[in-house]
Amino acid sequence: MNDLTIEPGLRYGRPRIGLALGGGAARGWAHIGVIGALAEAGYAPDVIAGTSIGAVVGGCFSAGKLDELTEFALGLTKRRVVGLMDFHIGGAGLIGGGRLKRLLERDLSGIQIADLPQKFAAIATELGTGHEIWLTRGSLVDALRASYALPGVFDPVKLGGRWLMDGALVNPVPVSAARALGADVVLCVNLNTDMGGRGTVIQSHGADPDPETFDPEQPPPVSGWFGGMKERVRGFVGRNNDQPGLAGVMIDAFNITQDRISRSRLAGDPPDVMIGPKLGRVGLFDFHRAEEAITLGRQATERALDEIAAVIAANRVPLS
C-alpha cells in the first residue's frame, strides 16, 4: 500500500481498480459472487485479467453477460455437466470443446476484446515455448477457449499462428497482467487459498500393505451403448473417493502445479488485496455446485471490504 500525500488545492479521485481472477475449474463460479459484491460496494473493476475459468467469468462480466453466465451455472446438474463433455478420439485432448464453444458463442459471438468497456486480458500458455500469452485483442470467445484449454482434457486452440493452452500453467492468478494494463490498485481472487495441508513434506513413507483388494463378486459393468458410456464417464471422473479417474488425476496434478506456481508468483508480485474464498469442500469437477461457490465468493469479498476501502483511500489519484 502506498502512503498518500495530500497536496492543497488538488482534487483526488478513485484509483483504477484491477481485478485478477485465478484459475480453479468449478471453484471459479466463486468469481461471480466476488464481482457482484465488488460492484454493489462501488468497486467495479476498470481492468480485468483472468486465467482459465477466471477469464470466462471476467470476460462475461466485461461483455455485460454475467447474468446469463450466472443463470447457466445455477442450472447445471451432474447430468448436464456430463452432457457437455464431447469426448473424442484422435485429438490432442479428451474433450473437443465444441459444445462449450457453442454455449459461449450464443451470448458472446462477434464481441471483440478491443470493444469491451474495461481493459481485458485472458492469459494463455503457448505450446512448445511455454511463453505466457496475454490475449488482449481479437475474438473474446477464442481468447476464453484458449485460456481454459486444460492440457490433455481440452484440445489446444490455435490463435495468431500459436497453439495455446490453459494460462494457469504460467500465471494462475494474473496480478502482473492487471498491473501492467494500467491498474493503480490490484485485487486478486485466489481460488486455492483454502487448500489446507497442501505442499507439505512427508518425511517418512513406505509401501505398507493396502487393505483394499479386488472383489471378484463385484457385478460386471452394464453392457450396451448406455452402459459403455456410463463406464467411460465413471472412469473419466473417478469411480469413488479412493480411486480417481483419468481426468481427476490429470486435473489434480495440474492443480498442485498451479498452487506451487501461484505461491511463487504472488510472492514476487503481490496484490494490494487478496480475496480467498473458502472453497476447500468444492471439488474441481463440482460445476453443479455453483450456488454454493457463488455464495462463498460473495462472503469472502464482504469480509475483505474494509481492507479494500483502506487501500482505495490510500491510493487515490490526483484529478487533472
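Just so you know, these numbers use all the heavy atoms, side chains as well, and skip hydrogens, waters and symmetry mates. Please read all numbers here as calculations on a predicted model, not as lab measurements.
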### Query
Closest approach of Asp46 and Pro15, non-hydrogen atoms and distance?
OD2-O, 3.9 Å

### Task
State, yes or no, whether a side-chain contact exists between Val189 and Pro277 at a heavy-atom distance under 4.5 Å.
yes

### Task
Determine whether more than 12 heavy atoms belonging to other residues, nucleotides or ligands lie under 6.0 Å from atom CD of Glu291.
no

### Query
Is Asp107 close to Phe72 at the side-chain level, that is, under 4.5 Å between some pair of heavy atoms?
no

### Query
Any side-chain heavy atom of Glu307 sitting closer than 4.5 Å to one from Ile275?
no

### Message
For Pro117 versus Ser62, what's the shortest heavy-atom pair and its separation?
### Response
CD-O, 3.2 Å

### Message
Would you compute the distance between atom CG of Leu279 and atom CG of Asn192 and round it to the nearest 0.5 angstrom?
### Response
8.5 Å

### Query
How far apart are the C-alpha atoms of Asp166 and Thr125, what are their side-chain angles, what is the distance that settles it, and do they pass the side-chain contact (heavy atoms from CB on, under 4.5 Å) test?
CA-CA 6 Å; Asp166 200 308; Thr125 305; 5.9 Å; no

### Message
Between Ile111 and Leu116, is the side-chain contact (heavy atoms from CB on, under 4.5 Å) condition met? List the steps.
### Response
CA-CA 8 Å; Ile111 296 178; Leu116 297 174; 3.9 Å; yes

### side-chain contact (heavy atoms from CB on, under 4.5 Å) between Leu19 and Phe61, intermediate numbers included
CA-CA 12 Å; Leu19 184 60; Phe61 168 74; over 6 Å; no

#### Entry: Separation of Glu126 CD from Met165 CE (nearest 0.5 Å)
9.0 Å

### Query
Say you draw a straight line from CG of Leu144 to CG of Leu108; how long is it, rounded to the nearest 0.5 Å?
6.5 Å

### Query
Given the rule in the side-chain contact (heavy atoms from CB on, under 4.5 Å) test, do Asp286 and Arg281 qualify, once you have shown the distances and angles that lead to the verdict?
CA-CA 10 Å; Asp286 289 343; Arg281 61 181 181 269; over 6 Å; no

### Message
Can you tell whether the side chains of Arg179 and Asp272 come within less than 4.0 Å, N to carboxylate O?
### Response
yes

### Contact check, side chains of Val157 and Tyr148, non-hydrogen atoms, under 4.5 Å
no

### Message
For Asp269, is there an ion pair with Arg265 - N to carboxylate O distance below 4.0 angstrom?
### Response
no

### Message
Counting C-beta onward and ignoring hydrogens, is there a side-chain heavy-atom pair between Val57 and Leu66 closer than 4.5 Å?
### Response
yes

#### Entry: Nearest atoms (heavy-atom pairs only) where Ile53 meets Trp29
CD1-CZ3, 4.3 Å

## Note on the structure
Exactly one candidate in Leu187, Ile308, Leu38 meets side chain to side chain contact (heavy atoms under 4.5 Å, CB included) with Ile17; the answer is Leu187

### Task
Check the side chains of Asn171 and Ser176 for a donor-acceptor pair under 3.5 angstrom, ignoring hydrogens and angles.
yes

## Note on the structure
Value for CD1 (Ile294) from CD1 (Ile32), rounded to nearest 0.5 Å, stands at 4.0 Å

### Task
Give the minimum heavy-atom separation between Leu191 and Ala30, together with the two atoms involved.
CD2-CB, 4.2 Å

### Query
With a cut-off of 6.0 Å (strictly less than), are more than 12 heavy atoms of other residues, nucleotides or ligands near CZ of Arg303?
yes

### Query
To the nearest 0.5 Å, how far apart are CD1 in Ile123 and OG in Ser52?
11.5 Å

### Query
Measuring from Lys101:NZ to Asp142:CG, what's the distance to the nearest 0.5 Å?
6.0 Å

